2 protein chains.
Amino acid sequence: MSVQERKQRERAERERLIVATARELAEQQGWDAVTTRRLAERIEYSQPVLYSHFRGKREIIGAVALDGAAEMAAALRAATAAEDGPHARVTALARTYLDFAARNPAVYDAMFELDGGLAFAHEDTPQPLKDGFAALLETLDQVAGDGVHPGLFTEVFWAALHGLATLTRAGRLPPEDTGTRVALLVDRLAVA
Amino acid sequence: MSVQERKQRERAERERLIVATARELAEQQGWDAVTTRRLAERIEYSQPVLYSHFRGKREIIGAVALDGAAEMAAALRAATAAEDGPHARVTALARTYLDFAARNPAVYDAMFELDGGLAFAHEDTPQPLKDGFAALLETLDQVAGDGVHPGLFTEVFWAALHGLATLTRAGRLPPEDTGTRVALLVDRLAVA
DNA sequence: CCGAAATCCTAGCACTGCTAGACAAGCGAG
DNA sequence: CTCGCTTGTCTAGCAGTGCTAGGATTTCGG
């Protein structure tokens, strides 16, 4: 049995390599450069190997997205835990969110811009995505205000952050004023 | 000279046909289905004709985006003009924006999601885009609040709308609560 | 009416995601 | 240890993509 276990381990290892390589390549040269051929060459296997791990390119993007979601959730929790008071925590949350999106554009694209074939807002939503939303909710819950459903408030706040992230990265918003925009957003949306 | 004029007219007419057909096809079957071959077949010309009007597919997407921006700006102005009072106008603005995005997903994608090769936030930004932003600013200017730069406020509000639009359409947010989200957003962001 | 110029199309390139079928390596059974 | 078989991998290829070179056809000006 040990032989099979080793094989399974190696297979899982290779799968992680595929995802990590795809992410790296996307971050370096953009998702357009992530072709099955280039990806296969980088992991030093032939293309069909990719399809023995994933149904197709979409699923690879989806895997990168899940990794990213877990990472982002951890970053958000770490950033908010270091702050005192709801207002400071929300500010830190927003800054960290936008910072993550700016520093990992390819991963952010995999999560929200590209089609990774992931389910959302259903019971069959993958755990890391649920957890990412939960990380937002934990902090935003405290500033939703009376009579406002925390989940709905989180959705609105998240949408605002998402809009800022995407529009800034696409060159639609000048990046210099990000700090001011965050301050305005937090001051208005979050009730003490 | 009349002959040349007629030719120019026909050329312009054909260009409009290309853009309209691209938009129609994208709205019917998604942008993935808008290939140069299919598009060429629909306008009953060969592919190279497309390239005598546009540098490439990107520019076609850009042309659809510009059309859409003009349309959206008109819709926003019409909707806000019919309302009395700043709060009602902002609400109408937000509703109209999200409604436009929901009803014309392909056009909205061309404007913001896809790369149409358009410049933004510079002096060489095409006029319809500037005008779209101006349409937002006209209404939001009234509710920015004291000491808040109207342009910056508009950017934040716009980002929030954009986030709601994209996340809803991608299935990330349940569509039922759109009205509630808009109400929350307007109530908090807009200062009476 | 005829040469020149503008217009358009056929054919093809390099690339994409994805897959069938050949091939080799490693396994368990005798 | 050897034989058959499963398992894993690769080569080669398909249909489709955006885009373009070069030839054919139409249309214009003299």
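The structure presented is a predicted model; accordingly, all values stated were derived computationally and were not measured. The figures here come from the full heavy-atom set of this structure, side chains too, leaving out hydrogens, waters and symmetry mates.
- Protein atom CD1 of Ile60(B) is 9 Å distant from nucleotide atom P of dG18(D), rounded to whole Å.
- Of the charged side-chain nitrogens involved, none lies within less than 4.0 Å of a carboxylate oxygen, so that Asp115(A) and Lys57(A) do not count as a salt-bridged pair.
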So which protein N/O to nucleotides 9-13 of chain D N/O distances come out below 3.5 Å?
from: dT9(D); atom 1: OP1; to: Arg14(A); atom 2: NH1; distance (Å): 3.0
from: dT9(D); atom 1: OP2; to: Arg14(A); atom 2: NH1; distance (Å): 3.2
from: dT9(D); atom 1: OP2; to: Arg14(A); atom 2: NH2; distance (Å): 3.0
from: dC10(D); atom 1: OP2; to: Ser46(A); atom 2: N; distance (Å): 3.0
from: dC10(D); atom 1: OP2; to: Ser46(A); atom 2: OG; distance (Å): 2.8

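- Contact check on Arg89(A) versus Asp84(A) returns no salt bridge, with no Lys/Arg side-chain nitrogen under 4.0 Å from an Asp/Glu carboxylate oxygen.
- The aromatic rings of Tyr108(B) and Tyr97(B) sit perpendicular to each other, their planes meeting at more than 60°, with 30° as the lower class boundary.
- Between Thr36(B) and the phosphate of dC19(D), there is no side-chain N or O to OP1/OP2 separation shorter than 4.0 Å.
- Between Arg55(A) and Thr35(A), the residue whose closest nucleotide on DNA chain C is further toward the 5' end is Thr35(A).
- Between Glu10(B) atom CD and dT7(C) atom P the separation is 11 Å, expressed in whole Å.
- With rounding to whole Å, Leu50(B) atom CG is found 10 Å from dC9(C) atom P.
- At whole-Å resolution of the value, CD in Glu15(A) and C1' in dG8(D) are 16 Å apart.
- Taking atom OH of Tyr51(B) as the reference point, atom P of dG22(D) lies 18 Å away to the nearest angstrom.
- One interatomic measurement links the two molecules: CH2 of Trp31(B) to P of dG18(D), which rounds to 11 Å at whole-angstrom precision.
- Minimum heavy-atom separation, Ala22(A) to Leu39(A): N-CD1, 3.6 Å.
- Here the two rings, on Trp158(B) and Phe112(B), have centers that are under 6.0 Å apart.
- Of all heavy-atom pairs spanning Arg188(B) and Ala144(A), the tightest one is NH2-O, 2.7 Å.
- With rounding to whole Å, Arg38(A) atom CZ is found 12 Å from dA14(C) atom C1'.
- We find that CG of Asp32(B) is positioned 13 Å from C1' of dT16(C), with the value rounded to whole Å.
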